[in-house]
2 protein chains.
Amino acid sequence: MTEIDKIDRKILSILQGDGRIANVELAERIGLSPTSVGERLKRLQRDGFVEGYGARLNPHRLGLGLLVFVEVLLDKTTPDVFERFAKAVQTAPEVLECHMVAGGFDYLVKARVANMSAYRRFLGESLLALPGVRETRTYAVMEEVKRDAPLPVG
Amino acid sequence: MTEIDKIDRKILSILQGDGRIANVELAERIGLSPTSVGERLKRLQRDGFVEGYGARLNPHRLGLGLLVFVEVLLDKTTPDVFERFAKAVQTAPEVLECHMVAGGFDYLVKARVANMSAYRRFLGESLLALPGVRETRTYAVMEEVKRDAPLPVG
DNA sequence: CAGATTTGCCGTAGAAAATAAGGAAGATTA
DNA sequence: TAATCTTCCTTATTTTCTACGGCAAATCTG
């Protein structure tokens, strides 16, 4: 039911690299009939291994040239600070990821903006405007050495 | 040639959320004929706005339950340290992202592993084994507040 | 301004692919 | 051993993609 064999992993691996591959070609590469592969894929989706499909867009082409990471420290005075911060982060389109971490700070935010002045605006109007934000440390990315690598499934 | 209008943005936005949507349905949602949408999409791909398509896999379902961020400081004694680090990072399957940042450290690494002992192994055998790595700071993610949000295109 | 070109859109037809139904072979279980 | 389940297959129908030709509006150009 929640088991997964070598063939399933191969399907996931190929699909992670090319989510729009035709089922016939996928079946060819796997070495099974299209029907079988289709059934397997359906199961993988039903069981939650595949959450969906998406186009990979080029952020630079879309005018989102600046990638930043922001470490955020919160005031732990009121108990709902974490909730409110989490909710605010969901609605901010600049924020691509946000994680609560164990270590020297509370949240790590990954955001994409057009440039430094856009970031300055985002920081002031979105992040620092939130109640409970005590301190932030910004790290601007100078070079993206490895970007969105596939999960190691195979 | 490299211009992009409102309709294009809508196409990208929908496609980012559902990369496998049928062209006919996409056309319906856009309000154009399938042919026109197909032509636009082809152009968007040719001009590099769409880099590809991929399945979104559930890392937890695949046994990759631990997400970590690692800040890495390098010894800047020899000039090829950066190159060698970058190259090593490319081949490490655990590393999903790696960015060179401006600020208190040199690289920020995002990695996924099964658990803490797997991370311990990765840290010792992959990261610290590299020459030139002077210091690392690990931040384990306790809660993924926002995960892989779509780029703000619309 | 007038003709020519380009651009963006549409419909149609033939090719390709997805999907559903039915069934066979092998493994598992009662 | 018989029944059930799993996994895979083939076939047929439906849906979708794609290449082609044409049309009209916008844009360029002399």
Side-chain angles (χ1 to χ4, degrees), chain A residues 1-64 148 150-154, chain B residues 1-64 148 150-154:
Chain A
M1 190 226 219
T2 179
E3 313 261 320
I4 195 175
D5 66 8
K6 218 155 198 173
I7 297 178
D8 290 327
R9 286 185 185 276
K10 199 165 181 182
I11 291 175
L12 292 178
S13 175
I14 293 175
L15 232 38
Q16 196 176 16
D18 181 4
R20 265 204 154 175
I21 188 175
N23 190 43
V24 268
E25 192 190 333
L26 178 60
E28 243 169 52
R29 283 223 249 162
I30 297 290
L32 286 180
S33 79
T35 314
S36 287
V37 174
E39 285 166 356
R40 278 176 179 268
L41 180 52
K42 205 172 190 178
R43 174 173 49 80
L44 289 169
Q45 289 176 163
R46 177 173 46 77
D47 293 351
F49 292 95
V50 178
E51 294 183 335
Y53 301 86
R56 281 190 294 268
L57 306 186
N58 185 326
H60 296 92
R61 218 78 175 75
L62 291 164
L64 298 169
D148 270 313
L151 295 180
V153 289
Chain B
M1 192 229 220
T2 178
E3 313 261 322
I4 195 175
D5 67 8
K6 219 156 198 171
I7 297 180
D8 290 327
R9 285 184 187 277
K10 199 165 181 182
I11 291 176
L12 292 178
S13 176
I14 294 176
L15 232 39
Q16 196 176 14
D18 181 4
R20 265 203 154 177
I21 188 174
N23 190 43
V24 268
E25 192 190 333
L26 179 60
E28 244 168 51
R29 284 222 248 164
I30 297 290
L32 286 181
S33 78
T35 314
S36 287
V37 175
E39 284 166 356
R40 277 175 180 269
L41 180 52
K42 205 172 189 175
R43 173 174 49 79
L44 289 170
Q45 290 177 162
R46 176 172 46 77
D47 292 352
F49 292 95
V50 178
E51 294 183 337
Y53 301 87
R56 281 189 295 267
L57 306 186
N58 185 326
H60 297 92
R61 216 82 178 74
L62 292 165
L64 297 170
D148 270 315
L151 295 180
V153 289

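Just so we're on the same page: letters track the sequence lines, and every chain starts at 1.
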Rounded to whole Å, please give me the gap between [atom1] in [X] and [atom2] in [N].
X       : N      : atom1 : atom2 : value
A:Glu25 : C:dA15 : CD    : C1'   : 17 Å
B:Ile30 : C:dC9  : CD1   : C1'   : 15 Å
A:Ile21 : C:dA17 : CD1   : C1'   : 13 Å
A:Glu3  : D:dC5  : CD    : P     : 18 Å
A:Leu41 : C:dA20 : CG    : P     : 13 Å
A:Leu26 : C:dA16 : CG    : C1'   : 16 Å
A:Leu15 : C:dA18 : CG    : P     : 11 Å
A:Arg20 : C:dA17 : CZ    : C1'   : 13 Å

(request) Working to the nearest 0.5 Å, report the span between CZ of A:Arg20 and CD of A:Glu25. (result)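 That separation rounds to 14.0 Å.
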(request) Summarise how protein sits on nucleotides 6-13 of chain D as a single string, 5' to 3': B when a protein heavy atom is under 4.0 Å from the base, S for sugar-phosphate-only contact, - for no contact. (result) -SBBB---
(request) Among D:dA19, C:dA18, D:dT16, find the nucleotide with the atom closest to the side chain of B:Lys42. (result)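 It is D:dA19.
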(message) With heavy-atom distances below 4.5 Å as the criterion, would you say the side chains of B:Leu12 and B:Leu151 are in contact?
(response)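 In short, these two side chains do not touch, never coming nearer than 4.5 Å.
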